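Some notes on the structure that comes next.
Since the model is a prediction, treat every value here as computed from it, not as a measurement. Every heavy atom of this structure was used, including side-chain atoms; hydrogens, water molecules and symmetry mates were not. Counting starts at 1 for both ligands and their atoms, following the listed order.
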Amino acid sequence: MNIIIKRSEREVSRAAADHTAALIREKPDAVLGLATGATPLGTYRELIRMHGKGLDFSRIVTFNLDEYIGYGMDLSRPYSKDQSYARFMHEELFRHINIHRSNIHIPNGLADDPKEECRRYERRIRDAGGIDLQLLGIGRTGHWAFNEPGTPLDSRTHIQILSKKTLDDNFRLFFHRSGLEREMMPTRSITMGVGTILEARSLLMIATGKRKASITAAALEGEITSSLTASAVQLFKGPATVLLDRGAAFALQKR
Ligand code: F6R
């Protein structure tokens, strides 16, 4: 695991975008695993800027980590009202680059049979030849994707009940804009499992800000445990790059 500490969130975003762009240039039909949330926003902005300078996404295939059950892209509503991760990705990245719609994969939170959707998602990843680079954030519960504490480290794509802490964070960051009351937030999601994530050929984990410091230190330096699913990064066999700003790196002991 290669831990890189940058001076600011902006530098983390630039480095994450450079890392991703290097793969895209080397392998123009790469399969990227993508994340949502506040952390990757700067990275996506940088990738959009690079696309403006010629970075080509026309053969890139993507798989997102997760989606809320009951949610899917609703273009009839303004972005602020549609809190699906599909809409987030559309607004924050996909509509600004030359990616093909058919190459974009996000778990369908509107599927009639969410369990079958989980199986279908696993099959799609396999059929695409697996993920070359998985981008990851870390939640304050230590989750990777929506793998909340207690999720087995060999889990596959599954239905996940979200913790109160995760719901509070996502309400504060995003859902409050939709006009929904906190109590009305979706509490279930479809998420790639930890085992699914560990099958990617490389990982790029990013964390920024002091509020992520203690959980980041526990994930990178503490016990490997299903109580903190991002600790599975220590099990990863391939190349894993961890990009932190000074705030998120604040509690690391071994540096
Ligand atoms: C999102 C995801 C989550 C987030 C995590 C951090 O697709 O998989 O694991 O990466 O909740 O969220 P932010 O970046 O909003 O702090």
Legend entry - Between Y71 and Y85, ring centroids under 6.0 Å: no
Legend entry - For ligand 1, the portion of L65 having any non-hydrogen atom under 4.0 Å away: side chain
Inset, instruction - Only heavy atoms count here, so choose which of A145, G137, G139 is nearest to atom 9 (O) of ligand 1. - result: A145
Legend entry - ligand 1 atoms in contact with H143 (distance to a heavy atom under 4.0 Å): 3 (C), 5 (C), 9 (O), 11 (O)
Inset, instruction - Say whether T191 and S189, considering side chains only, have a donor N or O and an acceptor N or O under 3.5 Å apart. - result: no
Inset, instruction - Could you tell me whether R124 and E117 make a salt bridge, using a distance below 4.0 angstrom between a side-chain N and a carboxylate O? - result: no
Inset, instruction - With heavy atoms only and a cut-off of under 4.0 Å, state how I138 meets ligand 1: side chain, backbone, both or neither. - result: backbone
Legend entry - Polar atom proximity, A35 to ligand 1 (N or O, under 3.5 Å): no
Inset, instruction - Apply the test ring pair (Phe, Tyr, Trp, His ring centres under 6.0 Å) to residues F57 and F94: give CA-CA distance (whole Å), side-chain angles for both, the deciding distance (0.1 Å), then the verdict. - result: CA-CA 10 Å; F57 290 81; F94 297 145; 9.1 Å; no
Inset, instruction - Just jot down the ligand 1 atoms closer than 4.0 angstrom to any heavy atom of L173, in number order. - result: 15 (O)
Legend entry - Closest protein heavy atom to atom 15 (O) of ligand 1, given as residue, atom name and distance to 0.1 Å: A38 N, 2.8 Å
Inset, instruction - Could you tell me which atoms of ligand 1, counted from 1 in the order shown, lie closer than 4.0 angstrom to a heavy atom of K212? - result: 6 (C), 13 (P), 16 (O)
Inset, instruction - Pick out which of K212, R140, R182 makes a salt bridge (Lys or Arg N to Asp or Glu O under 4.0 Å) with D169. - result: R140
Legend entry - For G37, the ligand 1 atoms whose distance to one of its heavy atoms is below 4.0 Å: 14 (O), 15 (O)
Inset, instruction - Answer yes when E122 and R119 have at least one side-chain N-carboxylate O distance shorter than 4.0 Å, and no when they do not. - result: no
Legend entry - Sub-4.0 Å heavy-atom approach of R140 to ligand 1: no
Legend entry - Presence of salt bridge, R156 and E199, under 4.0 angstrom: yes
Inset, instruction - Say whether E46 and S13, considering side chains only, have a donor N or O and an acceptor N or O under 3.5 Å apart. - result: no
Inset, instruction - Report yes if some N/O of T36 lies less than 3.5 Å from some N/O of ligand 1; otherwise report no. - result: yes
Inset, instruction - Report yes or no: is the cationic atom of R177 (NZ for Lys, CZ for Arg) under 6.0 Å from the centre of the six-membered ring of Y79, at an angle within 45° of the ring normal? - result: yes
Inset, instruction - With heavy atoms of D66 as the reference, note each atom of ligand 1 found under 4.0 Å away. - result: 1 (C), 2 (C), 7 (O), 8 (O)
Inset, instruction - Using a 4.0 Å heavy-atom cut-off, say whether T39 meets ligand 1 through its side chain, its backbone, both or neither. - result: both
